[in-house]
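These notes are about the structure you will find just below.
The sequence lines fix the lettering, A, B, ..., with proteins before strands; numbering per chain opens at 1. All figures in this text were calculated on a predicted structure; none of them were measured in a lab.
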2 protein chains.
Amino acid sequence: MQLANTFSALGNATRFAIVERLLQQGELPAGAFLDMNGVSPPAMSRHFKVLREAGIVNQRIDKQRRIYSVRPQAVQQISDWSISYRKFWENGLDRLAMALSEDV
Amino acid sequence: MQLANTFSALGNATRFAIVERLLQQGELPAGAFLDMNGVSPPAMSRHFKVLREAGIVNQRIDKQRRIYSVRPQAVQQISDWSISYRKFWENGLDRLAMALSEDV
DNA sequence: TTGGTGTTTATCAATTATGTTAATTAACAT
DNA sequence: ATGTTAATTAACATAATTGATAAACACCAA
């Protein structure tokens, strides 16, 4: 599945933080992330490459700047997947809730 | 964030397939997965360990069998995260749809 | 006890991921 | 031209992941 690859790209603390920030603040140039816990420009660039190749972010070129944004489809894909199992976990939580209140 | 760790565990094709199967079929013993594309028992065991340590699956012991199931909280955590950005991706997809129909 | 099933742990090799420094490209300002 | 800013690619070192084989452990059955 292709979702495994999406998860793999998001399964790194730095990349996950990048994506969260892009989700919250909208599109940003690569350089806006150099304040992050001492990640060097080359390291940052490679993280963006991984995110690009996983289809999680989009790159737009403006002069010398590479401006990144999250592809809505990527988040929707994750949402669709998790929600498709919603019935399962809702039942599960119900079972859990029942178990927790069983000793009353 | 601890979601990055969840994504990391799911970011492997074999582990993702394990989780999907557990979600669809409910709890299953480790041995039920040995038919999967030639994954050896030790490899399978380590994948389960990763999933356990990431809090994605639960292990129940029954005689010699280790019976695994998905922790509903893990799926819910992912669902909550994606839904927290729902407005973003819904708007984004709307804009995309509009852009695609703009040439009419 | 002996043997078989189910699963895990140990050890080691191979691959992949990540980070670093140095060099490179591109756009711009002087 | 020269230097500066923004970002990337190249080359390399190190760490982490994955897998394979062998050994071990727990349980059951004869």
Check your understanding: Under 3.5 Å, is there a donor-acceptor pair between the side chain of Asp62(B) and the main chain of Arg65(B)?
Key -> no

Check your understanding: Is the phosphate of dT5(C), meaning OP1 or OP2, less than 4.0 Å from a side-chain N or O of Arg65(B)?
Key -> no

Review point. Does the side chain of Ser40(B) get closer than 4.0 angstrom to OP1 or OP2 of dA20(D) through an N or O atom?
Key: yes

**Study point:** Spacing of Arg46(B) atom CZ relative to dC12(C) atom P, expressed in whole Å
**Key:** 14 Å

Review point. Closest to the Ala30(A) side chain: dA7(D), dT7(C), dT8(C)?
Key: dA7(D)

Check your understanding: Could you state the NZ-P distance from Lys63(B) to dT8(C), rounded to the nearest angstrom?
Key -> 18 Å

Point to revise | Plane angle bin for Trp81(B) and Phe7(B) - parallel if under 30°, tilted between 30 and 60°, otherwise perpendicular | key: perpendicular

Practice item. Whole angstrom is fine here: how far is it from CZ in Phe16(B) over to P in dT17(D)? Key: 20 Å

Study note, to complete from the structure: Across every strand shown, the nucleotide meeting Watson-Crick or G-U wobble geometry with dT30(C) (both distances under 3.5 Å) is dA1(D)

Review point. Does Lys49(B) make a side-chain N or O approach to OP1 or OP2 of dT8(C) shorter than 4.0 Å?
Key: no

Review point. Does a nitrogen or oxygen in the side chain of Tyr68(B) sit under 4.0 Å from OP1 or OP2 of dG6(C)?
Key: no

Check your understanding: Between dT8(D) atom C1' and Leu51(A) atom CG, what is the distance in whole Å?
Key -> 16 Å

Exercise for review: May I ask you to evaluate whether Gln59(B) reaches the phosphate of dT8(C), defined as a side-chain N or O under 4.0 Å from OP1 or OP2?
Suggested key: yes

**Study point:** d(CD1, Ile18(B); P, dT7(C)) in whole Å
**Key:** 12 Å

Practice item. Determine the contact category for Pro42(B): base if any of its heavy atoms lies under 4.0 Å from a base atom, sugar-phosphate if only primed atoms, P, OP1 or OP2 are that close, otherwise nothing. Key: base

Check your understanding: Where the side chain of Gln64(B) is concerned, which of dT8(D), dC28(C), dC28(D) is the nearest nucleotide?
Key -> dC28(D)

Check your understanding: With no hydrogens and no angle check, is any side-chain donor or acceptor of Arg15(A) less than 3.5 Å from a backbone partner on Leu10(A)?
Key -> no

Review point. Within the side chain of Arg66(A), is there an N or O that forms a donor-acceptor pair under 3.5 Å with the backbone of Ile61(A)?
Key: no

Check your understanding: OP1 or OP2 of dT18(C) less than 4.0 angstrom from a side-chain nitrogen or oxygen of Asn12(A), does that happen here?
Key -> yes

Point to revise | Under-4.0 Å side-chain N/O to phosphate OP1/OP2 contact, His47(B) with dT17(D) | key: no

Check your understanding: Rounded to whole angstrom units, what separation is found between the CD1 atom of Ile67(A) and the P atom of dA27(C)?
Key -> 14 Å

Review point. Is NZ or CZ of Arg21(A) both nearer than 6.0 Å to the six-membered ring centre of Phe33(A) and within 45° of the ring axis?
Key: yes

Check your understanding: dT21(D) C1' sits how many Å from Met44(B) CE, rounded?
Key -> 17 Å

Exercise for review: Send over the distance from Asn5(B) CG to dA16(D) P, rounded to a whole Å.
Suggested key: 14 Å

Exercise for review: Determine whether any donor atom in the side chain of Arg66(B) lies under 3.5 Å from an acceptor atom in the base of dG6(C), or the reverse, and answer yes or no.
Suggested key: no

